[in-house]
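Worksheet: one structure, shown below.
FYI, the numbering just counts along the sequence from 1.
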Amino acid sequence: LRSVAEARVGRRCSNLRVLNSYWVNQDATYKYFEVICVDPHHNAIRHDPRINWIVNPVHKHREMRGLTSAGKHSRGLSNPKYRPSRAAGWKRNNTLSLKRYR
């Protein structure tokens with residue numbers, strides 16, 4: 001649900017970059033998340049070396065591609081067994097390796 005909230009905010013505020021999000025509240029029907037967005041055209045962001053990586057065009061719509069923290073969790077990349085990717089982990093676990101000289 002967190003990644004869905006990030007995607008909705010990313011579509012609504014297309015001029016901002018989604019940095020991350022966190023859980024705020026929930027009731028019987030809804031969960032509420034706060035989404036942190038960054039303006040890539042702001043001079044304070046452009047000049048700060050800790051955050052100016054998000055200004056590059058390659059980081060447009062990170063939330064749609066599952067590159068935020070919530071997106072990585074929903075893709076199953078929080079478990080070290082699945083790194084560097086789900087496909088690589090599956091291949092490593094399902095390949096029978098028989099050495100030549102046993």
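- In the hydrophobic clustering of this structure, Val55 groups with Leu19; members are Ile, Leu, Val, Met, Phe, Trp, Tyr whose side-chain heavy atoms approach within less than 4.5 Å, directly or through other members.
- Considering only residues two or more places apart in sequence or on other chains, Ser21 meets the side-chain hydrogen bond (donor to acceptor under 3.5 Å, both in side chains) condition with Arg2, Glu6.
- With sequence neighbours excluded, the residues forming a side-chain contact (heavy atoms from CB on, under 4.5 Å) with Asn15 are Cys13, listed by chain and number.
- When hydrophobic clusters are built by joining Ile, Leu, Val, Met, Phe, Trp and Tyr residues whose side-chain heavy atoms come closer than 4.5 Å, directly or via intermediates, Ile36 is grouped together with Trp53.
- Linking ILVMFWY side-chain heavy atoms closer than 4.5 Å, directly or via other members, places Val35 and Trp23 in two distinct hydrophobic clusters.
- Among all heavy-atom pairs drawn from Ile51 and Ile45, the shortest one is CG2-O, 3.8 Å.
- Here the shortest heavy-atom pairing between Val9 and Cys37 reads CG1-SG, 3.6 Å.
- A distance of 9.5 Å separates NE2 in His73 from OG1 in Thr68, rounded to the nearest 0.5 Å.
- No donor-acceptor pair closer than 3.5 Å links the side chain of Thr95 to the backbone N or O of Arg92.
- In this structure, Ile54 is a member of the same hydrophobic cluster as Tyr22, with clusters built from ILVMFWY side-chain heavy atoms closer than 4.5 Å.
- Sorted by first then second residue, the salt bridge (Lys or Arg N to Asp or Glu O under 4.0 Å) pairs that include residues 47-67, not counting sequence neighbours, are Asp48-Arg50.
- Contact record, Ala70 with Ser3: CB-N, 3.9 Å, taken as the closest heavy-atom pair.
- Every side-chain contact (heavy atoms from CB on, under 4.5 Å) that Asn56 has, sequence neighbours left out, goes to Val58, His59.
- By the side-chain contact (heavy atoms from CB on, under 4.5 Å) test, His41 pairs with Asp39, Arg46, sequence neighbours left out.
- Residues forming a side-chain contact (heavy atoms from CB on, under 4.5 Å) with Ala5 (at least two apart in sequence, or on another chain): Phe33.
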